[in-house]
Amino acid sequence: MGMKMDIELIDKNGLRIDGRKPEELRPIKIEAGVLKRADGSAYVEWGKNKILAAVYGPREAHPRHLQKSNKAIVQVRYNMAPFSVGDRKRPGPDRRSVEISKITSEALEHVVMTELFPRSSIDVFIEVLQANAGTRCAGLTAASVALADAGIPMKDLVVGVASGKVDDVVVLDLGKEEDNYGQADVPMGYIPRTGEIVLLQMDGDMTQEELFKAMEMSMDAAKYIYGLQKEALRKRYEMIAREETEEIEGVQ
Amino acid sequence: MGMKMDIELIDKNGLRIDGRKPEELRPIKIEAGVLKRADGSAYVEWGKNKILAAVYGPREAHPRHLQKSNKAIVQVRYNMAPFSVGDRKRPGPDRRSVEISKITSEALEHVVMTELFPRSSIDVFIEVLQANAGTRCAGLTAASVALADAGIPMKDLVVGVASGKVDDVVVLDLGKEEDNYGQADVPMGYIPRTGEIVLLQMDGDMTQEELFKAMEMSMDAAKYIYGLQKEALRKRYEMIAREETEEIEGVQ
Amino acid sequence: MGMKMDIELIDKNGLRIDGRKPEELRPIKIEAGVLKRADGSAYVEWGKNKILAAVYGPREAHPRHLQKSNKAIVQVRYNMAPFSVGDRKRPGPDRRSVEISKITSEALEHVVMTELFPRSSIDVFIEVLQANAGTRCAGLTAASVALADAGIPMKDLVVGVASGKVDDVVVLDLGKEEDNYGQADVPMGYIPRTGEIVLLQMDGDMTQEELFKAMEMSMDAAKYIYGLQKEALRKRYEMIAREETEEIEGVQ
Amino acid sequence: MSGNKVVSEILRDYIYNSLEEGKRIDGRGYDEYRKVSIETNVIQSAEGSARVHIGNTDVLAGIKMTIGSPFPDTPNVGVMTTNAELIPMASPTFESGPPDAESIELSRVVDRGLREGHAVDMEKLCIKEGELVWIMFIDVHILDYDGNLFDAAALAAMAALASATVPASQFADQYPDYDLGEDFPMPINNYPIMSTFVKIKDVILVDPALDEETVADARLSVSTDPEGRVRAMQKGLNGGFSYAEIQDIVRKATEKGNELRDILMKSL
Amino acid sequence: MSGNKVVSEILRDYIYNSLEEGKRIDGRGYDEYRKVSIETNVIQSAEGSARVHIGNTDVLAGIKMTIGSPFPDTPNVGVMTTNAELIPMASPTFESGPPDAESIELSRVVDRGLREGHAVDMEKLCIKEGELVWIMFIDVHILDYDGNLFDAAALAAMAALASATVPASQFADQYPDYDLGEDFPMPINNYPIMSTFVKIKDVILVDPALDEETVADARLSVSTDPEGRVRAMQKGLNGGFSYAEIQDIVRKATEKGNELRDILMKSL
Amino acid sequence: MSGNKVVSEILRDYIYNSLEEGKRIDGRGYDEYRKVSIETNVIQSAEGSARVHIGNTDVLAGIKMTIGSPFPDTPNVGVMTTNAELIPMASPTFESGPPDAESIELSRVVDRGLREGHAVDMEKLCIKEGELVWIMFIDVHILDYDGNLFDAAALAAMAALASATVPASQFADQYPDYDLGEDFPMPINNYPIMSTFVKIKDVILVDPALDEETVADARLSVSTDPEGRVRAMQKGLNGGFSYAEIQDIVRKATEKGNELRDILMKSL
């Protein structure tokens with residue numbers, strides 16, 4: 001947040017640098033079941049972000065000392081491909097990735113019915129193939145869909161979405177320039193049905209009222225994204241059903 | 001040892017750069033039981049050195065392949081805080097710390113009754129908060145007290161103390177400038193009651209006679225430090241007793 | 001391969017930069033049983049290469065997850081001493097060493113009767129003490145002899161030998177300058193008796209016919225090296241027999 | 001964390017039962033911190049230092065400074081690095097080795113609070129734009145762990161900064177071509193304070209002790225400045241908060257931030 | 001690899017039985033690749049990129065470029081680094097952590113094929129001899145693993161290179177003393193293609209699927225150029241080949257290389 | 001170390017019983033070294049090298065040199081780095097991987113003996129004060145481990161140094177602005193020698209073989225120079241020495257140092 005620069009992020013018409021209105025999301029596309037090997041998977045395009053999520057499990061947690069006798073653990077590995085950003089990122093986890101993996105894991109553990117799979121691990125891999133601000137929220141959104149695609153019992157889907165402040169205006173879903181030169185960013189993990197907030201971070205400078213307004217914007221937008229998640233899963237189930245019908249027909 | 005510099009370490013009156021006489025220690029302060037969470041702990045101020053020691057155990061040694069079927073192991077981790085020295089020290093063990101941890105561990109294993117706790121580990125953590133020459137000896141001295149404070153059965157306390165040679169004079173307990181520009185340093189771990197030497201290193205340049213004189217100086221000083229260790233433990237036991245009495249009185 | 005340089009690798013008489021003919025090997029010396037502690041060992045001098053190989057095992061494979069229930073694994077560690085090359089090599093495995101270790105291990109696993117030692121590991125250590133092109137082949141040759149010296153049951157010995165192309169001429173056993181400035185290198189692991197190729201790499205630029213000619217050269221040369229391997233083992237057995245006889249005579 | 005499963009169930013029941021009666025197990029009010037004490041300039045080898053106790057939690061922060069190149073994209077500001085070490089001295093559950101996810105999160109959250117709160121005027125740590133700047137290391141050493149490391153570490157770091165001196169004169173010889181000037185106090189710009197709350201069942205508590213952390217469902221840390229503006233937040237643990245709960249916590253964090261800031265200012 | 005031992009024995013028998021009847025389990029001919037598709041320029045943050053499917057094997061390669069010093073012994077050529085990551089997303093058998101021997105072998109074999117095949121005219125990536133050159137990173141991300149990573153990774157890397165643009169204009173500000181010129185297409189010199197065969201019992205098969213790899217005795221990868229010259233080879237697994245088998249594979253690799261190269265050229 | 005517990009108890013009893021009869025198990029006197037042999041210049045790729053056998057213990061040391069910057073606090077002397085690798089070839093108890101505490105101790109003790117003994121005139125390895133100095137790497141490779149690595153490694157390192165040539169002419173091209181001169185012999189200043197003793201029960205033995213090390217209570221290594229001055233010491237193992245024992249060892253170390261130094265000088 002807050003690199004200084006003579007850059008006008010909100011124009012005289014109140015529009016943002018990419019032409020969006022303050023409460024407008026970037027275009028979002030969600031697809032479920034995009035990988036063959038993984039137990040579940042999802043692909044999310046969110047503005048210029050391109051993100052894959054894959055789920056393996058429940059499987060035996062290892063190393064063993066991680067096992068919990070009464071429930072599964074959800075292990076998330078958020079990773080950026082070396083070519084996903086302007087300057088090549090060195091392979092392997094950096095401190096930022098470790099933090100994002102941790103909070104994403106905590107958010108997902110809230111909705112996965114971990115008590116059904118003692119001693120197990122449910123492993124979620126989020127690969128950022130192209131990054132353009134908001135990857136942690138897009139990754140959380142993708143991971144939820146991948147978990148559902150894997151048939152993991154869940155209380156609900158989690159939606160990731162951010163809001164923030166640029167040029168003293170509260171806006172939804174910061175783009176790259178807004179992220180670099182804006183005043184605040186508030187990534188959130190939200191469950192629209194229950195109203196629970198399971199991931200929340202903020203950095204920047206906001207009054208309480210601005211913060212609350214931003215959170216309300218995110219919660220509204222989450223309902224829309226939740227719809228996209230469910231639609232992606234519906235399409236995936238339809239396709240599986242169609243394939244199965246074809247197989248049966250093929251047999252007959 | 002032996003960085004060259006036009007610096008007079010012994011003045012015309014035979015006094016050292018900090019005003020001490022050759023056989024004079026820096027001021028030493030020892031306190032036992034300074035941390036709540038650890039099973040035992042001690043704090044030592046020794047000149048400008050500030051050192052904490054904590055003990056956990058006996059507890060299960062892990063990883064398991066370290067376990068010994070007939071006795072406990074004593075694992076020491078000597079660590080310098082990044083801000084304890086002039087140039088910030090990178091966190092994590094360097095080669096010097098690994099060596100000091102190893103020899104400190106060997107010295108303490110001699111006095112701990114390890115045979116009472118097969119398969120266990122007694123873990124000693126020495127944190128150098130402020131370093132000013134002689135930290136390994138001060139750390140060993142602190143660790144002994146922390147072990148006793150933890151109630152670990154011991155044959156005796158070990159005292160750490162160094163001597164050396166500066167400007168061709170054999171001196172006790174080298175200070176920072178003496179360590180940098182002196183001619184020899186001889187850190188020692190000593191058990192005054194039995195006369196056993198359990199840690200000994202030397203680097204520099206000494207005749208045999210100088211070396212022996214230095215060692216004798218250290219052995220003399222060790223008796224005094226041993227007294228400080230016991231006094232710290234006595235105070236600690238008194239305080240515990242007082243607290244317990246107060247508790248009983250409180251109940252009544 | 002292929003650093004450019006104005007250097008004549010084949011002279012007008014068709015001789016190579018070190019005076020060898022195209023199909024001529026560098027001098028090779030093999031000795032078995034050169035280390036006391038290892039279960040088997042061998043020393044190979046091959047031109048200016050100096051290589052030691054040692055074998056330990058069969059012994060319990062660890063960490064345990066490496067164990068195979070129906071056979072032994074062959075673990076190879078190819079390592080270059082820091083002083084074995086022009087610019088000091090940092091200790092520890094680099095990517096090249098890891099690759100060479102892997103393919104050497106695969107080649108040896110073919111001949112070791114691993115099925116006799118389930119859950120075990122046969123550990124092969126190849127130390128390059130002085131390197132001068134062709135160390136992987138010399139190391140493989142040495143490792144075979146060390147395995148036999150250790151009494152490990154083997155279907156046959158593997159021979160390592162390379163060929164390649166310099167100044168458009170197919171040559172055997174590239175030397176240092178040929179390796180640096182030549183056109184192609186083809187290291188091979190070969191079993192003369194069965195005609196099996198168990199290690200094969202190539203880099204450079206060759207027509208199919210050149211490649212085949214090079215491989216044929218290597219296969220021919222392998223028969224000679226195989227003879228040296230067997231001779232080294234014969235000498236070693238003689239020496240052991242002699243020592244035993246002397247011992248018996250000593251007793252009598 | 002707290003080892004044995006039976007013990008931790010008994011502990012949970014005990015805490016739950018107390019809360020049902022409206023009490024915390026150590027007798028504090030829900031919005032009450034444990035005793036907070038701050039001692040500055042405790043380490044002479046550091047450019048600034050502070051030891052903070054929150055109850056039995058005991059944390060030592062030290063500042064070290066050196067001189068180096070600025071980042072290419074921020075040529076006119078100093079460099080700040082924050083590192084928190086959960087050394088195994090502080091708890092039987094902390095292990096030696098490279099920093100784990102918990103240490104990294106702690107370091108990053110403390111860093112974010114200071115950075116976004118503009119604690120230090122980083123432009124004053126520029127020596128020559130694009131060439132030379134002050135490099136500042138904030139190292140937090142956890143000595144005794146009884147819960148709420150976030151607040152203790154953030155407070156210790158802020159106090160250490162506020163008590164620090166930039167050792168310009170020490171580097172004069174090394175950089176003869178630059179005018180480093182005299183030693184000067186760390187250019188403090190603002191005093192952001194972090195305040196952490198946990199949710200246990202339906203109750204929101206400030207400053208969780210270790211036993212409370214062990215059974216908590218969700219955690220929220222909020223860093224606020226003297227004007228009550230929010231500068232950083234971090235939610236933790238796998239429970240959820242309602243929006244109303246978060247609003248409540250943010251408001252209380254401002255209050256609690258003010259209380260802690262008073263204690264901080266008195267310590268300087 | 002394929003986990004459970006009983007399952008893998010059943011699989012082996014099934015593959016063996018099929019081969020005895022002259023069939024591969026997915027119905028392909030011995031010399032037949034699975035469906036190969038190449039999509040280039042799929043990642044905008046990369047200088048060049050390509051996603052390659054060989055059957056269900058799914059691989060993404062991206063090129064990143066920066067500017068730096070040449071190696072002292074090659075002052076007039078650019079620097080190329082190839083890295084393949086077997087990320088755990090792609091297979092239950094891939095693990096997080098530093099690259100293991102398999103990743104390292106894959107990276108090095110892909111690198112060798114491109115380097116020895118002179119895919120890129122590295123001299124055109126020299127900016128000023130002995131001072132400044134282009135540094136090129138080829139990163140291959142394995143997304144879905146169903147066998148034959150060598151060919152998929154090599155093909156994706158070649159396609160990503162062939163579609164790449166050297167971003168000279170981006171660096172103009174950073175290197176004002178050098179004439180970097182306009183952005184220009186990656187100077188491609190040659191199109192080496194890798195083709196991999198396995199031996200199962202006495203049968204040689206091209207493009208092994210994962211199930212076939214699992215039971216294969218020996219593997220040979222051969223990189224050939226458009227003129228049918230051999231540029232790199234790598235034998236793997238602990239079985240052996242006869243000399244005749246290797247001759248056979250080398251000849252077929254040239255054919256298969258031509259087939260794949262046609263697909264590549266159409267994708268550009 | 002020596003694996004199986006029963007075996008090690010039998011070994012201990014055997015050694016104890018022998019010592020009660022005044023004998024070492026290999027028949028040596030208490031103050032007697034095993035056969036020591038030194039061969040120098042065994043590795044042509046090194047600037048200096050030596051292979052030392054002490055009984056079956058077999059150690060190879062090599063010197064590599066390069067040119068670089070001095071440390072800021074010692075601008076007029078070369079840089080020396082000592083590294084000992086306990087490679088797994090040498091013993092079933094040595095493992096691959098980063099150096100463990102034993103390797104680090106060995107490296108540091110060997111280094112200290114050479115450094116404090118002023119083996120090399122480090123000022124002669126300064127090329128230009130504050131700018132350029134010789135950087136020297138002493139690498140000790142343990143090939144066969146049968147006890148007393150300290151003495152073998154220290155002796156091999158000293159012999160390798162004493163036989164080394166500083167390869168000035170090789171670097172002329174790389175540093176045209178400096179006058180590196182011709183190749184010259186390593187400027188040896190002194191010949192410190194390390195001698196190691198162990199205590200088993202009440203007996204002090206020089207040059208412990210592996211079996212003796214296994215049952216030893218305490219170890220003391222003493223590095224002395226030709227004038228009998230003490231330059232470095234390191235006590236090891238968890239037993240204790242009396243002051244009288246240490247005086248005894250120090251005196252004997254001087255004698256033994258002289259014996260080994262004679263062997264060294266003959267090898268050069």
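So that the names make sense, note that chain A is the first sequence line, chain B the second, and so on, each numbered from 1.
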- Query: Rounded to the nearest 0.5 Å, how far does CD1 of C/Ile100 lie from CD1 of E/Ile104?
  - Reply: 12.0 Å
- Message: Are more than 12 heavy atoms, taken from residues, nucleotides or ligands other than C/Lys102, located less than 6.0 Å from that residue's NZ atom?
- Response: yes
- Given the options E/Arg231, E/Arg115, E/Glu245, which has more heavy-atom pairs under 4.5 Å with chain C than any of the others? E/Arg231
- Message: Please determine whether the number of non-hydrogen atoms from other residues, nucleotides or ligands lying under 6.0 Å from atom CG of C/Asp87 exceeds 12.
- Response: no
- Search all heavy atoms of E/Asn238 against all heavy atoms of C/Glu106 and return the closest pair with its distance. CB-O, 3.2 Å
- Query: Relative to chain E, which segment of C/Leu211 carries a heavy atom at a distance below 4.5 Å: side chain, backbone, both, or neither?
  - Reply: side chain
- Item | Full working for side-chain contact (heavy atoms from CB on, under 4.5 Å) between C/Arg96 and E/Arg108 | CA-CA 8 Å; C/Arg96 177 180 166 277; E/Arg108 287 176 61 83; 3.6 Å; yes
- Message: Measuring from atom CE of C/Met215 to atom OH of E/Tyr243, what distance do you get when rounded to the nearest 0.5 angstrom?
- Response: 6.0 Å
- Item | Part of E/Thr224 within contact of chain C (heavy atom distance under 4.5 Å) | neither
- Message: Can a donor-acceptor pair be found, under 3.5 Å and without considering hydrogens, that links the side chain of C/Glu99 to the backbone of E/Glu105?
- Response: no
- Query: Just wondering, are more than 12 heavy atoms of other shown residues or ligands nearer than 6.0 Å to NZ in C/Lys213?
  - Reply: no
- Message: Around atom NZ of C/Lys155, are there more than 12 heavy atoms from other residues, nucleotides or ligands closer than 6.0 Å?
- Response: yes
- To the nearest 0.5 angstrom, please state how far the CG atom of C/Leu199 sits from the NZ atom of E/Lys235. 7.0 Å
- If you measure from CG on C/Leu200 to CG on E/Leu220, what distance do you get to the nearest 0.5 Å? 6.0 Å
- In short, E/Pro99 meets C/Arg95 closest at the heavy-atom pair CG-NH1, 4.1 Å
- Task: Side chain from CB out, backbone as N, CA, C, O: work out which of these in E/Ala101 comes under 4.5 Å of a heavy atom of chain C, or both, or neither.
- Result: both
- So, for C/Gln201 and E/Arg112, which heavy atoms are closest and what is the spacing to 0.1 Å? NE2-NH1, 3.4 Å
- Item | Whether over 12 other heavy atoms sit under 6.0 Å from C/Tyr224 OH | no
- Message: Nearest 0.5 angstrom please: E/Glu116 CD to C/Gln183 CD, how far?
- Response: 11.5 Å
